[in-house]
There are 2 protein chains.
Amino acid sequence: MLSKKTKYAIKALVALGKNVGNPPMQIVKLAEQEMIPRKFLEQILLDMRNAGYLYSKKGAGGGYSLNKDAADIFLADILRITDGPIAMVPCASLKFYRKCDECHDEVTCGIRKTFIDVRNATLKVLAQTSIADVIGRETDDLLVE
Amino acid sequence: MLSKKTKYAIKALVALGKNVGNPPMQIVKLAEQEMIPRKFLEQILLDMRNAGYLYSKKGAGGGYSLNKDAADIFLADILRITDGPIAMVPCASLKFYRKCDECHDEVTCGIRKTFIDVRNATLKVLAQTSIADVIGRETDDLLVE
DNA sequence: CAAAAGACTATAGACTTAGTAGACTTTATT
DNA sequence: AATAAAGTCTACTAAGTCTATAGTCTTTTG
């Protein structure tokens with residue numbers, strides 16, 4: 001399951017993506033608008049900022065804005081910051097590889113092979129879906145009608 | 001991340017899959033062989049049994065054996081028993097659907113749409129990979145050489 | 001009847017997640 | 001220069017989940 005942290009992160013990025021062109025958005029406003037606990041959001045935005053996805057400005061008139069094009073921020077990268085590995089077992093992880101405690105012979109492990117397939121399938125979606133795509137999909141239905 | 005419970009469940013099923021044709025296997029033996037805490041394994045096997053995947057026999061000479069063909073036991077079903085939903089968000093789950101706390105308008109939610117894609121991609125692998133497949137893949141490398 | 005095995009329920013401890021608190025720093029405005 | 005508006009950073013707490021263990025009960029075999 002996706003953590004709330006990750007969901008909040010995506011929602012915040014989506015909101016900031018829609019805010020492009022306007023002055024930066026304050027944490028408080030973002031928190032209210034997206035119904036995210038303020039201090040929790042604060043931490044999440046910090047992480048996103050430290051990872052280079054957000055630009056922040058202190059002081060009066062400050063706030064947060066995207067530091068990259070929304071089309072260049074991919075869900076896979078966000079998930080890795082907030083939730084860590086995308087693979088379901090550490091030994092199948094691309095970016096957070098770790099030997100499984102229970103595993104004796106990794107080379108012949110049938111479980112591992114299967115979960116590498118799962119990881120690849122998941123990544124095919126998440127590494128290609130950007131915040132811009134998520135925003136685009138929100139209005140899909142409206143466009144069709 | 002897959003829980004230990006799920007990993008143990010898969011390992012146990014694989015071991016029992018290899019044991020087909022022999023007398024049923026006792027919990028203690030299975031636990032030792034697969035290095036799984038005995039009482040924990042006990043619970044897991046019970047779950048699998050109650051879900052119809054295992055047959056158990058009490059008393060002297062008793063133990064556990066598969067109740068279905070290893071080719072008819074799919075990882076997706078096992079994961080659902082041990083870890084619950086396969087989707088990363090409840091609102092994208094096929095078997096454990098639940099509205100997301102944070103979600104206002106599910107119909108136009110771009111996040112949901114993306115994670116339905118992820119779920120489908122994951123399921124495409126997990127719902128088609130059986131315990132027999134996992135066993136088969138263990139020896140893949142040996143066959144190639 | 002005794003021993004072997006599984007069935008079932010409860011509980012404890014460790015870890016993770018979600019959320020809160022507070023003190024500090026930078027910037028803009030007056 | 002003073003003040004207020006904002007973000008930064010670290011620590012902490014509460015609740016929940018996961019892993020594992022313990023103990024008692026039931027069934028089956030010899």
Side-chain angles (χ1 to χ4, degrees), chain A residues 1-12 16 19 23-32 34-67 79 81-85 88-90 96 100-102, chain B residues 1-9 11-12 16 23-32 34-67 79 81-85 88-90 96 100-102:
Chain A
M1 281 279 162
L2 233 54
S3 66
K4 291 209 170 190
K5 190 173 178 184
T6 298
K7 281 192 212 165
Y8 291 156
I10 296 173
K11 292 185 94 175
L16 292 173
N19 193 52
M25 210 169 169
Q26 286 90 51
I27 295 176
V28 175
K29 199 187 156 195
L30 192 49
E32 275 172 13
E34 301 297 326
M35 309 219 288
I36 302 172
R38 191 183 115 251
K39 294 296 275 180
F40 196 19
L41 177 61
E42 211 175 290
Q43 291 172 16
I44 295 165
L45 293 176
L46 248 202
D47 286 348
M48 294 296 132
R49 186 201 100 105
N50 291 334
Y53 294 99
L54 296 179
Y55 168 81
S56 66
K57 203 182 163 193
K58 287 185 178 181
Y64 275 96
S65 46
L66 291 190
N67 195 35
L79 291 225
I81 295 168
T82 51
D83 271 357
M88 297 178 87
V89 285
F96 296 81
C100 287
D101 308 335
E102 313 79 15
Chain B
M1 281 280 161
L2 233 54
S3 66
K4 290 207 171 192
K5 191 173 178 185
T6 298
K7 281 192 212 165
Y8 291 157
K11 293 185 94 176
L16 291 173
M25 211 168 168
Q26 285 92 51
I27 295 176
V28 175
K29 199 188 156 195
L30 193 49
E32 275 172 13
E34 301 298 324
M35 309 219 286
I36 302 172
R38 191 184 115 251
K39 294 295 275 181
F40 195 18
L41 177 61
E42 208 176 293
Q43 291 173 17
I44 294 165
L45 293 176
L46 247 203
D47 287 346
M48 294 295 133
R49 185 201 101 105
N50 291 334
Y53 294 98
L54 296 180
Y55 168 81
S56 67
K57 203 181 164 196
K58 288 185 179 182
Y64 276 96
S65 46
L66 291 191
N67 196 34
L79 291 225
I81 294 168
T82 51
D83 272 355
M88 298 179 87
V89 285
F96 296 82
C100 286
D101 308 335
E102 315 78 16

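Per chain, numbering begins at 1; letters A, B, ... match sequence-line order.
When each of B:Gly63 and A:Pro37 is assigned the nucleotide of DNA chain C with its nearest heavy atom, B:Gly63 is the one assigned upstream, toward the 5' end. Nearest-nucleotide mapping onto DNA chain D: of A:Ala60 and A:Ser56, the residue sitting toward the 5' end is A:Ala60.
Side-chain N/O atoms of B:Tyr8 include one lying less than 4.0 angstrom from OP1 or OP2 on D:dA20. Of the side-chain N and O atoms in B:Lys5, none sit less than 4.0 angstrom from OP1 or OP2 of D:dT17.
Taking every side-chain heavy atom of A:Lys39 into account, C:dA21 is the closest of C:dT26, C:dG6, C:dA21. The side chain of B:Lys4 lies closest to D:dT19 when the candidates are C:dA4, D:dT19, C:dG19. The listed nucleotides are C:dG6, D:dA6, C:dA28; the one nearest the side chain of A:Lys57 is C:dA28. Of the candidates C:dT27, C:dG6, D:dA20, the closest approach to any side-chain atom of B:Phe40 belongs to D:dA20. Nearest nucleotide to the side chain of B:Glu42, out of D:dG23, C:dA18, D:dT19: D:dG23.
Among the heavy atoms of the strands, none lies under 4.0 Å from B:Tyr55. Among the heavy atoms of the strands lying under 4.0 Å from A:Ile27 are primed sugar atoms or P, OP1, OP2 only; no base atom is included. Residue B:Met25 is in sugar-phosphate contact alone, with no base atom involved, counting any heavy-atom pair closer than 4.0 Å across all strands shown. Within 4.0 Å of B:Arg49, counting heavy atoms only, lie sugar-phosphate atoms of the nucleic acid but no base atom.
By the 4.0 Å N-to-carboxylate-O rule, B:Lys5 lies close enough to B:Asp47 to be salt-bridged with it. Ion pairing between a basic and an acidic side chain is recognised when a charged N comes within 4.0 Å of a carboxylate O; B:Lys39 and B:Glu42 show such pairing. A salt bridge does not link B:Lys7 to A:Asp101: none of the charged nitrogens lies less than 4.0 Å from a carboxylate oxygen.
Under the 4.5 Å side-chain criterion, counting only non-hydrogen atoms from C-beta, B:Met1 is in contact with A:Pro90.
Protein atom CG of A:Asp83 is 13 Å distant from nucleotide atom P of C:dT16, rounded to whole Å. Between the C1' atom of C:dA5 and the CD atom of B:Glu32 lies a distance of 15 Å, rounded to the nearest Å. Taking atom CD on B:Gln43 and atom C1' on C:dG6, their separation rounds to 13 Å, with Å as the unit. Atom pair A:Asp47:CG and D:dG7:P shows a separation of 15 Å (rounding to whole Å applied). Regarding B:Leu46, its CG atom lies at a distance of 17 Å from the P atom of C:dA5, rounded to whole Å. Atom CG of B:Asn50 is separated from atom P of C:dG6 by 14 Å (rounded to the nearest Å). Between the C1' atom of D:dT19 and the CE atom of B:Met1 lies a distance of 17 Å, rounded to the nearest Å. For B:Ile44 and D:dC18, the CD1 to C1' distance is 11 Å, given to the nearest whole Å.
If you look at B:Tyr55 and B:Tyr64, their ring centroids are not closer than 6.0 Å.
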